[in-house]
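Side chains included, hydrogens not; waters and symmetry mates left out as well; all remaining heavy atoms used. Throughout, a chain's letter reflects where its sequence line sits, starting with A, and its residues are numbered from 1.
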Amino acid sequence: MHIPDGIMAPVVLGVGWLVALVVVALAMRKVGKHADDEYLPLVALLAAGIFVAQLLNFPIVGGTTGHLIGAALATILLGPATSVVIFTVILIIQALIFGDGGLLALGLNLLNMGIVGSVVAWAVYRPLAGRHRNAAVFAASWTSVVAGALVCATELGASYAASGGAYGVPPLIAFAAMGLYHVLIATGEGIITVGVLAYLTRVAPDVVAAKKIRFRGVTE
Amino acid sequence: MNRRYVKATLFLVLLFVLFLPLFYLFSFGKNDGLQQTLQDSGGPAPTSWWTAPFSYGANPVETFLVGLLGFVVVAGAILGILRILKRMGGKDGPKRGPVDPPRA
């Protein structure tokens, strides 16, 4: 879901940058106040793991593929603010060093994968986690990917409308296609996230127990 | 670094090595959801004004090396940025506000 340069209208790119800069600044402020040295390696390891996981696309249907986004995983383990910071770093490195995602489109990529993915995952996971944890993890992962894809479809449709068809995709096609593919990708994301968290719960239960993670005020 | 994190790092690298052949077998060179949407709809072709120094590679060995490079760069960048943020945020830094007067 990394948006390359050249497909979104400039005004949509500008809105993406504006929203992303404000939210990233707030997230960085919050993380700076609450981060604890003890858990910095965990955050770094999780971010690096998400980067590597995003390299490995999995097949969905009709020759199309998708990859783990990881916003739900990062959010459930570390909270939405830390997740946004993680995604800011990952997406900048992907765009600058590996050419994955456009530099002008970086604001939109941050918005779709980092911000929407993290906030939606948190909003879905938090009220459900006490009842059935695996279902909550799956729902949070699935919803975060679909929400990010639908926001991306909105951006494609808005770009088409704003530019008279020079950029973007007609809104109906954007919603139908992005929705269809990402419902399937989201299912993969949900399965992987549930698996990773179940494994972590077994081998490192203190890491998964959010209240023990020293990002107080970020995860609690 | 805690031994636990070293073991976790090695485990992640091992998983990467195990899944890399499957990626090349089933997914390499195929469109993702957004690319497929753009192709289906005849949307605009992506342009690029920035030439990145690396790509994700064209064979498993290249992708493995690039993946390791990215792993190290991302982990290092996150550690550096979080330390800077923490220093600026001042969780353990000097306390702000009124300072007690020195005792006589």
Between atom OG1 of Thr9(B) and atom CG of Leu45(A), what is the distance when rounded to the nearest 0.5 Å?
4.5 Å
Write down the atom of Gln94(A), the atom of Tyr56(B), and the distance for their closest heavy-atom approach.
CG-OH, 3.5 Å
Any side-chain heavy atom of Leu156(A) within less than 4.5 Å of one from Leu38(B)?
yes
Rounded distance (nearest 0.5 Å) linking atom CD of Gln36(B) with atom CD1 of Ile60(A):
8.5 Å
Do you know which of Ala149(A), Gly168(A), Ala166(A), Gly165(A) has the most heavy-atom pairs with chain B at a distance under 4.5 angstrom?
Gly168(A)
What verdict does the ring pair (Phe, Tyr, Trp, His ring centres under 6.0 Å) test give for Phe71(B) and Phe51(A), after you've listed the backbone C-alpha separation in whole Å, the side-chain angles of each residue and the deciding distance to 0.1 Å?
CA-CA 7 Å; Phe71(B) 189 94; Phe51(A) 170 85; 8.4 Å; no
Tell me, do Thr65(A) and Phe28(B) make a side-chain contact under 4.5 Å, heavy atoms counted?
no
Of Phe54(B), Tyr24(B), Phe19(B), the largest count of non-hydrogen pairs under 4.5 angstrom with chain A goes to Phe54(B)
Identify which part of Val66(B) has an atom lying under 4.5 Å from any heavy atom of chain A, answering side chain, backbone, both or neither.
both
Hey, are the side chains of Ile97(A) and Val73(B) touching, using non-hydrogen atoms and a 4.5 Å cut-off?
yes
Structural part of Ile185(A) lying under 4.5 Å from a heavy atom of chain B
side chain
Taking every non-hydrogen pair under 4.5 Å, which of Ser48(B), Pro53(B), Gly42(B), Ala8(B) racks up the most with chain A?
Pro53(B)
Please report the shortest heavy-atom distance between Ala44(A) and Leu79(B), naming the atom on each side.
CB-CG, 3.7 Å
Kindly determine whether Phe58(A) and Phe26(B) satisfy side chain to side chain contact (heavy atoms under 4.5 Å, CB included), including the steps that lead there.
CA-CA 7 Å; Phe58(A) 52 83; Phe26(B) 295 111; over 6 Å; no
CG on Asp37(A) to CG on Leu82(B), rounded to 0.5 Å
10.0 Å
From Met28(A) atom CE to Ile84(B) atom CD1, the distance as rounded to the nearest 0.5 Å:
9.5 Å
When the 4.5 angstrom heavy-atom criterion is applied to Phe175(A) and chain B, the contacting part is neither
Can you check whether Ile173(A)'s main-chain N or O pairs, donor with acceptor, with Ser41(B)'s side chain at less than 3.5 Å?
no
Distance, nearest 0.5 Å, that separates CG of Leu56(A) from CG of Leu15(B)
9.5 Å
With a 3.5 Å distance limit and no angle check, can you tell me whether Trp50(B) reaches the backbone of Gly102(A) through a side-chain donor-acceptor pair?
no
Under the side-chain hydrogen bond (donor to acceptor under 3.5 Å, both in side chains) criterion, do Asp40(B) and Tyr181(A) qualify, and how do the steps go?
CA-CA 12 Å; Asp40(B) 292 348; Tyr181(A) 294 127; 2.7 Å; yes
Side chain, backbone, both or neither: which part of Phe11(B) has a non-hydrogen atom closer than 4.5 Å to chain A?
side chain
Taking every non-hydrogen pair under 4.5 Å, which of Leu104(A), Val85(A), Ile90(A), Leu180(A) racks up the most with chain B?
Leu104(A)
Minimum heavy-atom separation for Asp32(B) and Met1(A), please, with both atom names.
OD2-N, 3.4 Å
Is Ile3(A) in contact with chain B via its backbone, its side chain, both, or neither, using a 4.5 Å heavy-atom distance?
both
Can you confirm whether more than 12 heavy atoms, excluding those of Tyr167(A), are under 6.0 Å from its OH atom?
no
Mind checking whether Ile7(A) and Pro44(B) have side chains closer than 4.5 Å, heavy atoms only?
yes
Measure Ile93(A) against the heavy atoms of chain B and call it side chain, backbone, both or neither at under 4.5 Å.
side chain
Measure Ala53(A) against the heavy atoms of chain B and call it side chain, backbone, both or neither at under 4.5 Å.
neither
Working to the nearest 0.5 angstrom, can you tell me the gap between Ile78(B) CD1 and Leu42(A) CG?
11.0 Å
In terms of heavy-atom pairs under 4.5 Å, which option from Asp100(A), Val203(A), Ile86(A) contacts chain B the most?
Asp100(A)
Student check: side-chain heavy atoms of Phe23(B) and Leu55(A) closer than 4.5 Å:
no
Out of Gly76(B), Ser55(B), Gly43(B), Gly67(B), which one racks up the most heavy-atom pairs below 4.5 Å with chain A?
Gly67(B)
Tell me if the CG atom of Leu26(A) is crowded by more than 12 foreign heavy atoms within 6.0 Å.
yes
Closest non-hydrogen atom pair, Val89(A) against Ala77(B):
CG1-CB, 3.7 Å
Which portion of Leu68(B) sits near chain A, non-hydrogen atoms under 4.5 angstrom
neither
Measure Ala176(A) against the heavy atoms of chain B and call it side chain, backbone, both or neither at under 4.5 Å.
neither
Does some side-chain heavy atom of Thr64(A) sit less than 4.5 Å from a side-chain heavy atom of Lys30(B)?
no
